[in-house]
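Here the structure is laid out as structure tokens; the discussion comes afterwards.
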Amino acid sequence: MTRANKSWSLTIGSVREIPIRIHYTFFILLGWLLLDPKAEAPISEAIFVILIFSCVLLHELGHALMAHRFSIKTRDITLYPFGGIASISTQPEPRAELFIALAGPMVNVVIAGVIYLIMEPIDLAQLENVSMTHRLFATNVALVAFNLLPALPMDGGRVLRSVLALLSVKNATKISARISQALCILLGLVALYLGLPILFIISLVIFLGAMQEHLRAETKVVASEFSVRDAYVPQERLESLAHGSTISKALPLVLTSWQSVFPVLNGSDFLGIVLRDDILAFATSRADDYIGEVTQKTLPSIDLNASLSEAYSLFEIHSSPALKVLDSGAYVGLLVQDRIPDFIFMHEIRQKIPPEEEIEWPIPS
């Protein structure tokens, strides 16, 4: 999760060192339920929403704890008005992904089973007066059914992808994404026919998520053909900031530079990086602070000759905007995450240029 996302979330605790956060828009939803003049029982509805999101939290904890069993770290769990997201640090192997994907819905199966054992039988003649217990049971059943739809990036789509991969089917992500998009188009048409805007929005969000999963997988496959040396930015091409300068003095350079990440140096010693967005955010409130006070000093590193796909894995694990590139242990430049797609796009363009028209292309900037 990015720093900006964290600033819009409230940390309410942690489980197994996994931060649990609630996005502030969730409180807007609660406020709307409590203050809605048309609501017959606003407090009861607010309590019901809290219970639903407690089930969603347990669902995401199911994913996170199963990931922990496979030694995969979960960065955080964040609850939004539309559901929850457990940010797993890296793409699991197929077997691990299968168990991790199934763990969440199985939690809701257990919750629904417990509620079923304690709730009163449903009177079909009085469905308009069902209790909160009955509604909570139905919601958990719906969560299981919805999450197991075979559409990436939902749990069912991940189950489909992992099963295909375990069966040694090539392009498992691509096939899963295509199935997901076809399903979303069908859902979208049904939503338009029935006049259900919420269902249409959900189908659109899932469609875009499937597209993102596909692009991510394709990019990682292409990246395996290259090394860090092919895509990194050498230190001589990077504009750097001096450890002893202030944020106000760094601002003019930041505003005129193409860089989103700046190395911070003390003489010739590499100390870390500072983000362009942080400089802009602190330009007024902390203008006289030294750059060193906002420097990200813990930065993962990678060897100059390592595979670019290995770099992708490090980006996923550490959620870092850049990697420090080393050659024989010495700092030689940065590999910036948001520049890798530019490099791959440039490579694809170069493949279409006739050899006689080939020119020397610069590193993406």
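We count residues from 1, following the sequence as given. Note that the structure is predicted; figures quoted are calculated from it, not measured.
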Under a 4.5 Å cut-off applied to non-hydrogen side-chain atoms, are [X] and [Y] in contact?
X      : Y      : answer
Glu213 : Arg158 : yes
Ile273 : Val264 : no
Tyr290 : Thr295 : no
Leu280 : Arg276 : yes
Glu17  : Ser14  : no
Ser301 : Leu323 : no

Which heavy-atom pair separates [X] from [Y] by the least distance, and what is that distance?
X      : Y      : value
Leu10  : Tyr24  : CB-CE2, 3.7 Å
Tyr232 : Val332 : CE1-O, 3.6 Å
Pro94  : Ser162 : O-CB, 3.2 Å
Leu326 : Gly329 : CD2-O, 4.0 Å

Sequence-distant partners of [X], side-chain hydrogen bond (donor to acceptor under 3.5 Å, both in side chains), two or more places apart:
X      : value
Asp303 : none
Ser257 : Glu239
Asp289 : Arg286
Glu97  : Gln91, Arg161

According to the side-chain hydrogen bond (donor to acceptor under 3.5 Å, both in side chains) rule, which pairs have a member within residues 321-337, sequence neighbours left out?
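For residues 321-337: none.
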
Any pair counted as side-chain hydrogen bond (donor to acceptor under 3.5 Å, both in side chains), so long as it reaches residues 100-112, sequence neighbours left out
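Matches after skipping sequence neighbours: His59-Asn108, Asn108-Asn140.
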
Flag, side chain of [X] to backbone of [Y], donor-acceptor distance under 3.5 Å:
X      : Y      : value
Thr74  : Asp76  : no
Thr25  : Ile28  : no
Ser180 : Leu152 : yes
Glu93  : Arg95  : no
Arg21  : Ile77  : no

Co-members of the apolar cluster containing Leu167 [side chain, <4.5 Å]:
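Via sub-4.5 Å side-chain contacts, Leu167 links to Leu98, Leu102, Met106, Val109, Val144, Leu148, Val159, Leu160, Val163, Leu164, Leu166, Val169, Ile175, Ile179.
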
Nonpolar side-chain network containing Ile88, other nodes, edges under 4.5 Å
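Reading the cluster by chain and number, Ile88 sits alongside Met66, Phe70, Ile72, Phe99, Ile100.
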
Candidates Leu65, Leu58, Leu143 - the one meeting side chain to side chain contact (heavy atoms under 4.5 Å, CB included) with Val107
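Exactly one option meets the side chain to side chain contact (heavy atoms under 4.5 Å, CB included) with Val107, and it is Leu58.
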
Output all residues satisfying side-chain contact (heavy atoms from CB on, under 4.5 Å) with Ser227, sequence neighbours left out; order by chain, then residue number.
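side-chain contact (heavy atoms from CB on, under 4.5 Å) check on Ser227 returns Arg229, Asp230.
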
From [X] [atom1] over to [Y] [atom2], what is the distance, rounded to the nearest 0.5 angstrom?
X      : Y      : atom1 : atom2 : result
Ile291 : Leu271 : CD1   : CG    : 11.5 Å
Thr256 : Trp258 : OG1   : CH2   : 12.5 Å
Ile85  : Glu60  : CD1   : CD    : 7.5 Å
Ile22  : Phe53  : CD1   : CZ    : 9.5 Å
Ser320 : Leu299 : OG    : CG    : 4.5 Å
Thr139 : Phe146 : OG1   : CZ    : 13.0 Å

Is atom [atom1] of [X] surrounded by more than 12 heavy atoms (other residues, nucleotides or ligands) closer than 6.0 Å?
X      : atom1 : answer
Asn305 : CG    : yes
Glu236 : CD    : yes
Glu293 : CD    : yes

Report, one line per pair, each donor and acceptor closer than 3.5 Å where one atom sits in a side chain of residues 202-209; sequence neighbours left out.
residue, atom, partner, partner atom, Å
Ser203, OG, Leu199, O, 3.4
Ser203, OG, Phe200, O, 2.6

Can you give me every donor-acceptor pair (side chain of residues 240-247, partner residue at least two apart or in another chain, under 3.5 Å) with its distance?
residue, atom, partner, partner atom, Å
Ser245, OG, Ala242, O, 2.8
Thr246, OG1, Ser248, OG, 3.1
Thr246, OG1, Lys249, N, 3.3

So which pairs with a foot in residues 163-183 pass salt bridge (Lys or Arg N to Asp or Glu O under 4.0 Å), sequence neighbours left out?
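Those involving residues 163-183 do not exist here.
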
Step-by-step side-chain contact (heavy atoms from CB on, under 4.5 Å) determination, His63 to Asp155:
CA-CA 10 Å; His63 290 311; Asp155 298 335; 3.2 Å; yes

side-chain contact (heavy atoms from CB on, under 4.5 Å) assessment of Leu334 paired with Val325
CA-CA 5 Å; Leu334 292 177; Val325 180; 5.5 Å; no

Kindly confirm or rule out a cation-pi arrangement of Arg135 over Phe48, judged by NZ or CZ under 6.0 Å from the six-membered ring centre and within 45° of its axis?
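Yes.
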
Tell me, with the steps shown, if Met119 and Ser131 meet side-chain contact (heavy atoms from CB on, under 4.5 Å).
CA-CA 9 Å; Met119 72 180 187; Ser131 68; over 6 Å; no

Same cluster (ILVMFWY, side-chain, under 4.5 Å), Leu136 and Ile43:
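Same hydrophobic cluster.
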
Would you sort out whether Ile20 and Leu61 count as a side-chain contact (heavy atoms from CB on, under 4.5 Å), showing the intermediate values?
CA-CA 9 Å; Ile20 310 296; Leu61 279 172; 4.2 Å; yes

